[in-house]
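The block underneath contains the structure these notes are about, expressed in C-alpha cells.
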Amino acid sequence: MTANDPAPVLSGEAPSELGLAGSLRFADVTGLLETLPVGAGAYQVDLSGLGAVDSAGVALILEWRLRLEAAGGTLTITNPPQRLVRLAGIGGVAKLLGLKTNEWGTADA
C-alpha cells in the first residue's frame with residue numbers, strides 16, 4: 001500500500017447506508033472480512049469511495065455476500081468502480097455480486 005492507496009474503511013450504519021472506501025488490494029483486505037457486519041438484514045454498501053481494487057477485493061466482497069446470505073441477509077452494491085466490475089466480469093462472479101456487465105466486462109448503463 002502506498003500513500004495514494006489508503007487503507008479500506010467501512011462507514012455508516014448497518015445494515016443500510018454503509019460505505020466502503022479506500023483500497024481493496026491483497027495487502028489491504030487481510031483481516032477486513034472479520035470486521036464487516038453480518039446479519040439477517042438487507043445490507044446496502046456504496047463503493048463509490050473505493051480506489052485501487054484487485055481480485056482479492058472482489059473475493060472479499062463475494063465472501064461478505066456469502067456470509068450475509070448464510071445469516072439470512074442480503075447485500076446490494078451501489079456505485080461500484082469500473083475496475084471492480086471488470087474484474088468480477090472476468091472472474092465470472094459479476095452476477096453473484098449483483099453487477100450487470102456487458103460482453104466487455106464493463107458496467108451496463
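Hydrogens, waters and symmetry mates are skipped; everything else that's a heavy atom, side chains included, is used.
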List in chain and number order the residues that pass side-chain contact (heavy atoms from CB on, under 4.5 Å) with [X], two or more places apart in sequence or in another chain; answer none if no residue qualifies.
X     : answer
Val29 : Leu24, Ala56, Leu60
Ala52 : Asp5, Ser23, Arg25
Ala21 : none

Among pairs that include at least one residue of residues 47-58, which meet salt bridge (charged side-chain N to carboxylate O under 4.0 Å, His left out), considering only residues two or more places apart or in two chains?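 For residues 47-58: none.
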
Taking side chain as C-beta onward, heavy atoms only, is [X] less than 4.5 Å from [Y]?
X     : Y     : answer
Leu84 : Val58 : yes
Ile61 : Val45 : no
Pro80 : Val53 : no
Leu10 : Pro37 : yes

Tell me the closest heavy-atom pair linking Ser55 and Leu87, and the distance in Å.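 What the structure gives for the nearest pair is N-CD1, 3.9 Å.
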
Do the side chains of Leu32 and Phe26 join up, straight or via other hydrophobic residues, at under 4.5 Å, putting them in one cluster?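 Hydrophobic grouping puts Leu32 apart from Phe26.
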
With clusters defined by side-chain heavy atoms of hydrophobic residues (ILVMFWY) lying less than 4.5 Å apart, directly or transitively, does Val9 cluster with Leu20?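 They do not share one cluster, since no chain of ILVMFWY contacts under 4.5 Å joins Leu20 to Val9.
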
Qualifying side chain to side chain donor-acceptor pair (under 3.5 Å) pairs with a residue from residues 33-46, counting only residues at least two apart or across chains: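 Every pair satisfying side chain to side chain donor-acceptor pair (under 3.5 Å) with a residue in residues 33-46: Glu34-Arg67, Asp46-Ser48, Asp46-Asn79.
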
When rounded to the nearest 0.5 angstrom, what is the spacing between CG in Leu96 and CG in Leu75?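 Result: 12.0 Å between the selected atoms.
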
If you round to the nearest 0.5 Å, how far is CZ of Arg83 from CG of Leu50?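 Reported value, rounded in 0.5 Å steps: 12.5 Å.
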
If the condition is side-chain hydrogen bond (donor to acceptor under 3.5 Å, both in side chains), which residues does Glu69 pass it with, not counting sequence neighbours?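 side-chain hydrogen bond (donor to acceptor under 3.5 Å, both in side chains) list for Glu69, sorted by chain: Arg65.
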
